[in-house]
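In what follows, a structure is listed as structure tokens, so that the remarks can point back to it.
Positions are given from 1, in the same order as the sequence printed here. From a predicted model like this one, the values you see are computed outputs, not experimental measurements.
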Amino acid sequence: MAPIHALSSQDPQRLFDDIDRSFQLNPQILVDLTKAFLHEISLGLGAYNHPMAMIPTFVRGVPDGTETGYVSDYPHYFQRTNSESVELSLHWIWEVQTCERSNPLDLESSNSDHSRRVCEVILNGDKTFSLRQQKYKVSESLKTGEATALFDYLADSVDAFLTTHASHAYDTTGAFPGGKPDAIHLGLTFSFPVEQTALGSGKILTWTKGFAAKNAIGHDVVKLLQDAFDRKHMHVKCIALVNDTVGALLSRAYTAGGCSLGAIFGTGTNGAYVEEVAKITKLGNSPAAAQGGYMVVNTEWGAFNNSRSTLPFTPFDSSLDRLSINPSFQAFEKFISGMYLGEITRNILTALIDAAPKPLLFNGKSTPVLNTHYGLDTSVMSDIEDAWEGPNRSLSGDQSAPDFTTFDESTIPENVIKKLERIREVTVKQLGFQDSDVTLKDAAIVRWACSLVARRAGLLSGVAVATILLQTGRASFADKDGKFPSSNDTEKISVGVDGSLIEHYPNFNRTLRESLRSLVGEEVEKRVEIGLAKDGSGVGAALCALQALKQGQI
């Protein structure tokens, strides 16, 4: 009996076509996914312990750009700590905010130097801010070691920054002038799922993005950090807890004069939006519910469709999920975030290398990059897309899957040949091949695989944004004839975004908008202003600490 391979076909082109078809999302699939998204939002707003947690943040206001670093009659400094995933050089954020002026401390670790950065943000009150930063080292062991070690590290970082790099001489041992608080007030931005019970407290639900610190799940993240400050006898007090996605919303609101949705499209993905408190029925008869009005909700949409009932799983997605550190969790995130796109693409490429009865890529050769779990970084996909577009970032050339069985260089337009030559160079350099190992046909296949995965991610990201517009009444589905309701509303819909995919990946934003236009119509899509939440997690954390003061949370 012949061995069974991941891909086996006597008709290679049919195999390519089947893979291509499995990644396509037609308009009806997008609508079905959006309706399922709306259903999970409803479940999460109505009760706790659903995969899409729909976490009330107890943040009841968003800034308008006039905020400064001064509250009452004494200055408030905001300091934050931020750390980033070691697997990819895309951000995950911790933030710690001190209250006097606006000083976020940002711990960042990347693939290249495992560094973290400490930065200070000062709000100017005119929709602008200034930033200072300093880099430090962070170890991989902190991600999976004891939680106390991780939080002690954060506390040490706060102390180091306050002592040596801040623009203001912080007094962490005595009182502020005039008998004001005897501790520096901080807000904590934490970009992992928490069940928030107040503006200044929240229980860690799970780790994501490769983190698994021990003895943290189920504990109050603010208390974990406060205990670290107390162990070190630091006069620092946490007063606000904010997710990095909420920070993106607040930051964009500050720089744009308002914002309805904050979204992260980077190493991970998540969204936060402003919801009517009356719709958050799981608040029951609590004081928060009785107060009414509006509240920012952290959706945790990375967990959409963990049941796998609607998302279009392929064998390449299933393989990624099965071998991940959190199988069956964060289903949506695994389709669209930077941590996973490279691995999905690697799964496609290695399956083509191993195809039977004849290899369909690189003549059956592989490299350590392709043989290593998560060895193909999403940044390589971005480089390949850049190579395809060239210095003028044009979209010329066929975007569909080539006829790989009849691939003939003599019939390919010269401009496409140049694109494929650039892709071949990137493939050789980034995947570790020899020049002779990679043909133009191989380059075409690599580009096609990257495009499949990235395009699907962009379309699904549009589903998430469209869902929030529908949930908040800013958009409607098309009628049975495919027509969208017309409106005289010309008000812009501000969306703040952060993350390397949305900021740097070629055509990601364009594809997201294509999906959005399909789901809510061109009239609404044109009103959507998607803007970067510049250093969203840091500035947003500063603004959340301000909000805590305004709401009397200390």
Side-chain angles (χ1 to χ4, degrees), residues 18-46 50-52 54 260-261 263 265 269-273 275 279 297 299-314 317 330-337 341 344 399-400 451-487 489 493 495 497 501-502 507-528 530:
D18 285 346
I19 295 174
D20 192 272
R21 189 161 39 249
S22 71
F23 278 84
Q24 300 304 319
L25 301 176
N26 63 43
Q28 186 56 53
I29 291 175
L30 296 178
V31 169
D32 291 344
L33 285 165
T34 304
K35 289 180 177 179
F37 221 122
L38 286 167
H39 177 64
E40 291 203 25
I41 281 179
S42 178
L43 292 176
L45 291 174
H50 284 285
M52 266 184 66
M54 302 303 294
S260 303
L261 167 66
F265 299 109
T269 186
N270 193 13
Y273 73 105
E275 181 61 279
K279 292 183 179 179
V297 172
T299 66
E300 290 300 334
W301 71 31
F304 165 61
N305 204 224
N306 278 354
S307 64
R308 300 167 63 106
S309 60
T310 310
L311 283 169
F313 276 82
T314 69
D317 300 299
Q330 297 300 103
F332 189 62
E333 182 168 83
K334 289 171 181 173
F335 273 72
I336 71 174
S337 70
L341 300 187
I344 298 170
Q399 296 292 299
S400 61
S451 178
L452 277 183
V453 175
R455 176 172 171 75
R456 187 184 66 171
L459 292 174
L460 289 174
S461 298
V463 167
V465 175
T467 299
I468 300 304
L469 299 185
L470 291 158
Q471 171 67 20
T472 56
R474 292 179 171 84
S476 301
F477 284 116
D479 62 22
K480 62 181 180 180
D481 297 320
K483 295 182 178 180
F484 293 95
S486 59
S487 170
D489 195 346
I493 303 169
V495 176
V497 295
L501 282 177
I502 192 71
N507 302 316
F508 191 90
N509 184 53
R510 179 184 63 84
T511 306
L512 186 156
R513 281 193 170 276
E514 177 188 335
S515 175
L516 192 60
R517 193 159 50 248
S518 171
L519 289 164
V520 301
E522 185 175 359
E523 186 177 295
V524 173
E525 183 268 329
K526 284 183 175 180
R527 290 169 47 215
V528 175
I530 298 176

Legend entry - Pair S22, D18: side-chain N/O donor-acceptor within cut-off below 3.5 Å: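 Side chains of S22 and D18: no pair found under 3.5 Å.
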Legend entry - Side-chain donor-acceptor pair present, T310, D32, cut-off under 3.5 Å: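 Not at all, the side chains of T310 and D32 share no donor-acceptor pair under 3.5 Å.
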Flag, side chain of [X] to backbone of [Y], donor-acceptor distance under 3.5 Å:
X: N26; Y: Q28; answer: yes
X: E523; Y: S487; answer: yes
X: R517; Y: K526; answer: no
X: T299; Y: G271; answer: yes
X: E40; Y: N305; answer: yes
X: E300; Y: M52; answer: no
X: D479; Y: P485; answer: no
X: R513; Y: E525; answer: yes
X: T467; Y: V463; answer: yes
X: K279; Y: Q471; answer: yes

What's the shortest heavy-atom distance between [X] and [Y], and which atoms?
X: I468; Y: W301; value: CG1-CZ3, 4.0 Å
X: V465; Y: F265; value: CG2-CZ, 4.2 Å
X: T269; Y: S337; value: N-CB, 4.2 Å
X: Q24; Y: L452; value: NE2-CD2, 3.5 Å
X: A331; Y: N306; value: N-OD1, 2.9 Å
X: T511; Y: R455; value: CG2-O, 3.5 Å

Inset, instruction - Let me see the working for F477 and F484 under ring-ring contact (aromatic ring centres under 6.0 Å, His included), right down to the final yes or no. - result: CA-CA 7 Å; F477 284 116; F484 293 95; 8.6 Å; no
Inset, instruction - Assess whether salt bridge (charged side-chain N to carboxylate O under 4.0 Å, His left out) is satisfied between D489 and R527, documenting all intermediate values. - result: CA-CA 9 Å; D489 195 346; R527 290 169 47 215; 3.3 Å; yes
Got [X] and [Y] here, is their nearest side-chain heavy-atom distance under 4.5 Å?
X: Y273; Y: I41; result: yes
X: M54; Y: L43; result: no
X: L516; Y: L469; result: yes
X: S515; Y: L460; result: no
X: L512; Y: I530; result: yes
X: F508; Y: S461; result: yes
X: L341; Y: L501; result: yes
X: R456; Y: L459; result: no

Once you round to the nearest 0.5 Å, how far does [atom1] of [X] lie from [atom2] of [Y]?
X: T34; Y: L519; atom1: OG1; atom2: CG; value: 4.0 Å
X: N507; Y: E514; atom1: CG; atom2: CD; value: 10.5 Å
X: I344; Y: T314; atom1: CD1; atom2: OG1; value: 7.0 Å

Inset, instruction - Kindly confirm or rule out a cation-pi arrangement of R308 over F313, judged by NZ or CZ under 6.0 Å from the six-membered ring centre and within 45° of its axis? - result: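 The answer is yes, since R308 meets both limits relative to F313.
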